[in-house]
Novice: 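The structure follows.
Count residues from 1 along the sequence.
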Amino acid sequence: MASIDVKSEITGKVWKIEAKPGDHLAEDDPILILESMKMEIPVCAPADCRLAEILVAEDEAISEGQTVAIVEAG
């Protein structure tokens, strides 16, 4: 299986984690929700995959381009 890094497209704070490691996700299923400037922005699965690892915690501040999760496609 190929591992894919899921990166944040914005700087913000992790508001809510929606999935847990081991979950099977369809393309565009939310992995977590970020909060930035009072807006909620989902970080979604890039393809049909299995969530291998979440690298952040709720309320954690993150940077644009930071890897927030790892998924396994295939």
Side-chain angles (χ1 to χ4, degrees):
M1 286 192 181
S3 292
I4 302 168
D5 291 349
V6 179
K7 298 180 186 262
S8 171
E9 295 180 7
I10 62 163
T11 297
K13 182 173 82 168
V14 179
W15 180 69
K16 184 176 182 185
I17 295 175
E18 294 281 323
K20 62 185 181 308
D23 285 354
H24 291 274
L25 304 168
E27 185 175 1
D28 294 328
D29 280 352
I31 297 171
L32 53 89
I33 309 289
L34 301 176
E35 186 273 324
S36 180
M37 297 174 36
K38 299 188 181 184
M39 293 178 58
E40 297 173 11
I41 298 98
V43 175
C44 298
D48 291 345
C49 59
R50 184 183 69 81
L51 181 58
E53 188 175 1
I54 293 182
L55 304 174
V56 295
E58 288 184 358
D59 293 324
E60 182 177 338
I62 61 168
S63 303
E64 181 178 347
Q66 180 176 338
T67 301
V68 295
I70 299 173
V71 298
E72 294 177 347

Novice: Check which hydrophobic residues are tied to Leu55 through side-chain heavy-atom contacts below 4.5 Å, counting indirect links as well, and list them.
Specialist: Ile70
Novice: Can you list everything that forms a salt bridge (Lys or Arg N to Asp or Glu O under 4.0 Å) with Lys7? Sequence neighbours excluded, please.
Specialist: none
Novice: When clusters are formed from ILVMFWY side-chain contacts under 4.5 Å, directly or step by step, what else is grouped with Ile33?
Specialist: Trp15
Novice: Enumerate the residue pairs fulfilling side chain to side chain donor-acceptor pair (under 3.5 Å) with a member in residues 33-48, sequence neighbours excluded, ordered by first and then second residue.
Specialist: none
Novice: Check Ala45 against Ala26 and note the closest heavy-atom contact, atom names and distance.
Specialist: CB-O, 3.5 Å
Novice: Which heavy atom in Ser63 sits nearest to a heavy atom in Ser8, and how many Å separate them?
Specialist: O-CB, 3.9 Å
Novice: Just to verify, what does Glu72 make a salt bridge (Lys or Arg N to Asp or Glu O under 4.0 Å) with, not counting sequence neighbours?
Specialist: Arg50
Novice: Of the non-hydrogen atoms in Pro21 and Ala52, which two are nearest, and what is the gap between them?
Specialist: CB-O, 3.7 Å
Novice: For the CD atom on Glu9, are there more than 12 heavy atoms of other groups (residues, nucleotides or ligands in this structure) within a distance under 6.0 Å?
Specialist: no
Novice: Which other residues end up in the same hydrophobic cluster as Val68, if Ile, Leu, Val, Met, Phe, Trp and Tyr are linked when side-chain heavy atoms come under 4.5 Å apart?
Specialist: Ile4, Val6, Ile10, Val14, Ile17, Leu25, Ile31, Leu32, Leu34, Met39, Ile41, Val43, Leu51, Ile54, Val56, Ile62, Val71
Novice: Who are the salt bridge (Lys or Arg N to Asp or Glu O under 4.0 Å) partners of Asp23, not counting sequence neighbours?
Specialist: Lys20
